[in-house]
Number of protein chains: 2
Amino acid sequence: MVKKIPKPSLARLPKYYQVVTSYLNRKNEKYISSSYLSDCLNIDDSQIRRDLMYIEIGGIPRVGYDAKELRDVLADYLGYFNLNEAILVGVGNLGTALAEYKGFERYGLSIVGLFDSDPEKIGNLVGNLKVDNIENLEQVIKKFNIKIGIITTPARYAQQIAEKMIKANIKAIWNFAPVTLDIDEDIFIQDENLAENFSFISHYLKETEPEKE
Amino acid sequence: MVKKIPKPSLARLPKYYQVVTSYLNRKNEKYISSSYLSDCLNIDDSQIRRDLMYIEIGGIPRVGYDAKELRDVLADYLGYFNLNEAILVGVGNLGTALAEYKGFERYGLSIVGLFDSDPEKIGNLVGNLKVDNIENLEQVIKKFNIKIGIITTPARYAQQIAEKMIKANIKAIWNFAPVTLDIDEDIFIQDENLAENFSFISHYLKETEPEKE
DNA sequence: TAGATTGTTAATCGATTAACAATC
DNA sequence: TAGATTGTTAATCGATTAACAATC
């Protein structure tokens, strides 16, 4: 790790990837400038240039960045070229939505196993995967050397599922359950709390419409 | 707006709410301290006290914060007591998952209308709502004075749906389509880009396992 | 009182933005 | 050359953390 990229910069890279990809699809231009990206994303242009320095792509003064090269460097840096296999626990609505979503493949994510504890669900076909018994979780993770676990269970089961995953040597957890997992090991946790994110909207509306005061 | 709360502070408030809620359920204590919250969430305790100052709740030195009061002040501040009605456009897997998810009610979100353009879907019952024709979107938003629009369509439709919503006077958009909406009006946009967030995991794994170099 | 926790200031840290020299 | 855009430094801004007086 030479110069670690700041989290906010890392968070912007997928946006650059999105813009440069659609730019390549729509236009027939070889180069893309930081000011173009800036206009599309409402991000300061010098910040964009700075972010791009972290991923060590060189632009050409007066011309811009080679669009194809930029796209590929971003994709590589973000790991989109890797095949990341994940298993998912909790085949409710959200779990099903994720399992059936085709868009992840482009980002290097492939969900290869589904688990649930509900006998009604075990054996069902979701996407093109058979829902497996949660009992087999550790075994499957180990057997296929899976690195990523996705948790879409109700909140109260999340902690114990996380612990099982970690025991089986998972490296990263994508947690959709609305709890803060209590983990000591050096595991990467990406929390995705939809209800929590709704708070931003809720608070905004409350602030701008004090009609019920 | 007296002293605007910083975004990072606002983002932490739902976490405090979560912890204090489960604290009240599990323990029989009247007070909760910043150091307790700090331990649960791995957030610096003085930062917690600072955040709580923004929402103007007073603690008692040597004792802590009144837990019930804290919970309620947080809920009020975040708008959880309000009833926020929303309509959702795009009844695919993700849209269905959101429509059927019961957990939003607690946060003041109620999805009251579903729209799609697919004749196969229109008329279907999802959750306990009938999927309506997208043609009726503006009319329904106006009639019921809906403030929140949820977009779960494929990326290419998101911009035009957003524009329709805004024309009908929506105030906030919760956007699950993987595009940056181009909006001039003073509308609150909350982007939720799952594939994008997966990038954090993907990049982490790439960094920690350079086995394929 | 002694001890513990809040409330708040000051110091630190890190990210963003402005500016401009370097460069093709 | 003139003009435009990158690369990078310095200035600014804002958030986090440390410290500690106030307080019950």
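Given the structure is predicted, the values throughout are model-derived calculations rather than measurements. The sequence lines fix the lettering, A, B, ..., with proteins before strands; numbering per chain opens at 1.
Going from atom CG of B/Asp66 over to atom P of C/dT6 covers 13 Å, rounded to whole Å. With rounding to whole Å, B/Ile48 atom CD1 is found 12 Å from D/dT16 atom P. One interatomic measurement links the two molecules: OH of A/Tyr54 to C1' of D/dT8, which rounds to 12 Å at whole-angstrom precision. In this structure, B/Asp45 places its CG atom 12 Å from P of C/dG7, rounding to the nearest Å. One can place CG of A/Leu37 at 13 Å from P of D/dG7, the figure rounded to the nearest angstrom. With rounding to whole Å, A/Asp51 atom CG is found 13 Å from D/dG7 atom C1'. A/Ile43 places its CD1 atom 17 Å from the C1' atom of C/dA18, with the value rounded to the nearest Å. In this structure, A/Ile5 places its CD1 atom 14 Å from C1' of C/dG14, rounding to the nearest Å.
Considering OH of A/Tyr80 and CG of A/Leu109, their distance stands at 11.0 Å, rounded to 0.5 Å.
Between A/Tyr54 and A/Tyr77, the distance separating the two ring centers is not shorter than 6.0 angstrom.
Within the 4.0 angstrom heavy-atom criterion, only backbone atoms of the sugar-phosphate kind lie near A/Ser33; the bases stay farther away.
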For the pair B/Asp182 and B/Gln159, evaluate side chain to side chain donor-acceptor pair (under 3.5 Å) and give the outcome as yes or no after the intermediate values. CA-CA 7 Å; B/Asp182 181 18; B/Gln159 178 68 32; 5.3 Å; no

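Annotation: of the two residues near DNA chain D, A/Arg50 and A/Ile60, the 5′-most nearest-nucleotide partner is A/Ile60.
Here C/dT5 is the nucleotide among C/dT8, C/dT5, C/dA22 with the atom lying nearest to any side-chain atom of B/Pro61. Residue A/Ser46 places its side chain closer to D/dT8 than to any other of D/dT8, D/dT17, C/dG7. Listed nucleotides: D/dT8, D/dA18, D/dT6. Nearest to the side chain of A/Met53: D/dT8. Comparing C/dA15, C/dT6, D/dT6 against the side chain of B/Arg49 picks out C/dT6 as the nearest.
A salt bridge does not link A/Asp72 with A/Lys68: none of the charged nitrogens is closer than 4.0 Å to a carboxylate oxygen. With respect to B/Lys147 and B/Glu85, no salt bridge is recorded, no charged nitrogen being found less than 4.0 Å from a carboxylate O.
Within the structure, every side-chain polar atom (N or O) of A/Tyr36 is placed at least 4.0 Å from both OP1 and OP2 of D/dT6. A sub-4.0 Å separation between OP1 or OP2 of C/dT16 and a side-chain N or O of A/Arg12 is present. A close approach under 4.0 Å does not occur between any side-chain nitrogen or oxygen of A/Ser34 and OP1 or OP2 of D/dT5.
In this structure, D/dC24 forms a base pair with C/dG3, meeting either the Watson-Crick or the G-U wobble geometry with both donor-acceptor distances under 3.5 Å. Look at D/dA10: its Watson-Crick or wobble partner, with both distances under 3.5 angstrom, is C/dT17.
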